[in-house]
Amino acid sequence: MEWWKDAVVYQVYPKSFKDSSGDGIGDINGITEKLPYIRELGADVVWLSPIYDSPQDDNGYDIRDYYKLLKEAGTMEDFDRMLSRAHGLGLRIIMDLVVNHTSDEHVWFQESKKSKDNPYRDYYIWKEGKRQNTREGLDTSKEQAWGDEPNNWGSCYSGSAWEWDSTTKEYYLHLFSRKQPDLNWENVLVREEIYKMMRWWLDKGIDGFRMDVISLISKLPGYPDGEAGESGYTSFEVTANGPCVHEYLKEMNRKVLSLYDVMTVGECSGVTLEEAWKYAGAEEGELNMIFQFELMELDCENGIKWDLKPLDFIRMKKIFEKWQTGMYGKAWNSLFWNNHDQPRVVSRWGNDSGEYRELSAKMLASILYGMQGTPFIYQGEELGMTNPGLSIEECRDIETLRMYQERLEAGCSRAEIMRSVHAKCRDNARTPMQWDDSPNAGFSTGDPWMPVNPDYKTINAGAQLQDEDSVFHYYKKLIRLRKTYDVFRDGRFTMEYKEDPDIIWYTRTGEKESLRVICNFHELTRAIKLPDNEEWGELLICNYPEIRKETELRPYEARMYLV
Ligand code: NOJ
């Protein structure tokens, strides 16, 4: 059954969602308490970012034990209660599956690094240094030296992707932090362990997985150098979509996923349309859908997220068109503006200054919710939560802190680095959820692990639930519309006004009806005109209280018509 095609997913970042114990860290009982809120919005599925046992080097994306929960998150009984409460409310739960790497504190790695003949040695990727044998030109007073690493691959968190281990005198690969060693998927024992663990969670009754950086699991044979970037290291994109990734996913599907009625979404950066058809193609037997990140690169230079550049709106429309038409009838899309790795979209591409915040948040939602695919809402997006403008001392994320250090050392000015941090850091999305206007936004009675955005007095769930015109209610209405008309799921996509610098206008053509979505992306009023002999149709939703003139769009105005 393809229930996931009609589903709307709500992503919870547990650490920042709701703290029930008063220790300042969100927990499972907090999530359980708020399930009715998620249901009220109209979502059908909850994606939980990792809540497993973890030393938290990367906020839980570094797992120490896949079968245990993080102490601060709660107990397995809490989890079972949450799951059964969710199911009782008609909500499904999908978990984050993080299997490109583990924590270095996972027992497999603890064993693996003991000796070269340890039974777990091959669970990870160990290599000799490039010049290990000759050590020619190396400073032999040190065990490791620049240029000795097995290749020039870079870690996503700055610096080399290889870490020297002085016990066994080899390097291990870590595409993320050095506390996140990459698993060796070529080893069948690793794959079987992972499938066993997946079955364990599915047997518990969870409803699927979001798969963390799943496009990275198969590495290039021979581990060749990539083209080096400015920092001397290659981007991790070289390592994506390796030669065996589809073989592994087909195996996983055969041995695990196909045995359950579940939903899967794979995180796949650096993916082309052709690759996406393989990952998510209806006939391929791999995943139901993927996240691709082409839009997320629109405001950075050369794919480097910290190097800012203004949004190219026309290019944005081209990307939408490419994925909406290119996937049609072949594979299923996911739709998202936000997640725990991205800045808040209303600050990024809307307008978060008072007057236009709500209008632009609703406009952005309208653009996405008329499209084909499964929408993902990130906690607080449905309130139009904004970037908090954190100081570097308030940032917690390893990626930001390491980049800050690296760029300072390279001579960049603090002001310039902070501009990037404010625009792009992942902590933008990780401040506590704003539940109400009580202290700490109702997130915790303790001291929150991350500062609360000071705008919580005006932007919070309590206030928006009371207000029929709020961003929350607008999302709710969009979700209801998606469930009412088949055209949202099935209609064929056509982009109109392709070269217009302000307006995004597309149609979806279904068997019974068509949908017309028209939005003004900017803060100026614009004239619009229907093609001759056409009619506007029935207005399904608009982010202004009334249409003033059919032939003009006010700042950030969004409309959807059923024709
Ligand atoms: C992608 C996740 O979304 C991100 O938060 C995490 O840091 C990396 N994968 C590493 O697991």
Side-chain angles (χ1 to χ4, degrees), residues 9 11-17 26 47-64 66 70 94-106 109 124-125 153-159 161 163 172-183 185 194 209-217 219 235-237 239-241 245 264-271 279 287 289-293 295-297 303 305-306 334 336-344 376-379 381 395-403 424-431 449-450:
V9 183
Q11 184 192 352
V12 167
Y13 194 68
K15 233 176 150 170
S16 300
F17 191 58
W47 152 25
L48 296 181
S49 277
I51 47 171
Y52 312 91
D53 175 37
S54 153
Q56 301 286 304
D57 191 51
D58 187 14
N59 280 322
Y61 284 90
D62 48 320
I63 297 172
R64 182 162 43 203
Y66 290 104
L70 180 72
I94 67 172
M95 301 275 281
D96 223 303
L97 182 79
V98 188
V99 290
N100 173 67
H101 44 267
T102 66
S103 162
D104 65 339
E105 297 181 28
H106 194 290
F109 191 73
Y124 295 87
I125 299 166
W153 293 2
S155 140
C156 286
Y157 301 149
S158 311
E163 182 74 10
Y172 66 85
L173 180 69
H174 61 90
L175 293 178
F176 295 88
S177 97
R178 64 184 175 75
K179 285 185 68 60
Q180 292 166 295
D182 280 51
L183 282 165
W185 273 73
I194 290 169
F209 293 107
R210 173 267 184 187
M211 302 190 185
D212 190 62
V213 289
I214 202 70
S215 57
L216 302 184
I217 58 177
K219 312 298 195 267
S235 118
F236 86 103
E237 303 294 353
T239 53
N241 311 309
V245 66
T264 53
V265 50
E267 189 195 24
C268 295
S269 23
V271 92
Y279 282 108
L287 305 174
M289 65 193 97
I290 62 162
F291 294 130
Q292 52 79 17
F293 293 89
L295 280 181
M296 302 294 134
E297 287 169 11
K305 79 180 242 184
W306 306 109
S334 69
F336 69 97
W337 283 125
N338 269 118
N339 61 37
H340 62 293
D341 294 331
Q342 301 296 333
R344 294 285 178 180
F376 287 71
I377 303 170
Y378 177 68
Q379 63 183 49
E381 176 187 337
C395 288
R396 299 280 176 274
D397 182 20
I398 179 172
E399 183 196 42
T400 304
L401 299 176
R402 294 213 47 189
M403 175 284 289
K424 289 293 188 61
C425 79
R426 305 195 295 184
D427 284 330
N428 278 316
R430 299 176 182 183
T431 58
W449 76 283
M450 282 242 28

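Just so it is clear, the model here is predicted, and its values are computed rather than measured. Only this structure's heavy atoms are used, side chains among them; waters, hydrogens and symmetry mates stay out. As the structure lists them, so they are numbered: ligands from 1, and atoms in each ligand from 1.
A perpendicular orientation is assigned to the rings of His340 and Trp47, their planes being inclined by more than 60° (bins at 30° and 60°).
Gln11 places no side-chain N or O within 3.5 Å of a backbone atom of Phe376 that could act as its donor or acceptor partner. Between the side chain of Asp62 and the backbone N or O of Gln180, no donor-acceptor pair lies under 3.5 Å. At distances below 3.5 Å, at least one donor-acceptor pair connects side-chain atoms of Ser16 with backbone N or O atoms of Arg430. Between the side chain of Asn241 and the main chain of Leu216, no donor-acceptor pair closer than 3.5 Å is present.
For atom 1 (C) of ligand 1, the nearest protein heavy atom (residue, atom name, distance) is Asp212 OD1, 2.9 Å. Looking from atom 6 (C) of ligand 1 to the surrounding protein, the closest heavy atom is Asp58 OD2, 3.4 Å. Of the protein's non-hydrogen atoms, the one nearest atom 8 (C) of ligand 1 is Phe176 CE2, 3.8 Å. In terms of protein heavy-atom proximity, atom 3 (O) of ligand 1 is nearest to Asp341 OD2, 2.5 Å.
With a 4.0 Å heavy-atom cut-off, ligand 1 is reached by no atom of Met211. If you look at Tyr157 next to ligand 1, the close heavy atoms, those under 4.0 Å, all belong to the side chain. When heavy-atom distances to ligand 1 are checked against a 4.0 Å cut-off, Arg210 comes that close only through its side chain, counted from C-beta outward.
The side chain to side chain contact (heavy atoms under 4.5 Å, CB included) test with Tyr66 is passed by exactly one of Asp53, Leu97, Val99: Val99.
Salt bridge Asp341/Lys424: absent, no basic N to carboxylate O contact under 4.0 Å.
Applying the 4.0 Å criterion to heavy atoms of His101 picks out, from ligand 1, the atoms 10 (C), 11 (O). Less than 4.0 angstrom separates some heavy atom of Arg430 from each of these atoms of ligand 1: 5 (O). Taking every heavy atom of Arg426 and a limit of under 4.0 angstrom, the matching atoms of ligand 1 come to 4 (C), 5 (O), 6 (C), 7 (O). For ligand 1, the atoms closer than 4.0 angstrom to any heavy atom of Glu267 are 1 (C), 3 (O), 9 (N).
Counted by atom type alone, Ser54 and Tyr61 present zero donor-acceptor pairs between their side chains at under 3.5 Å.
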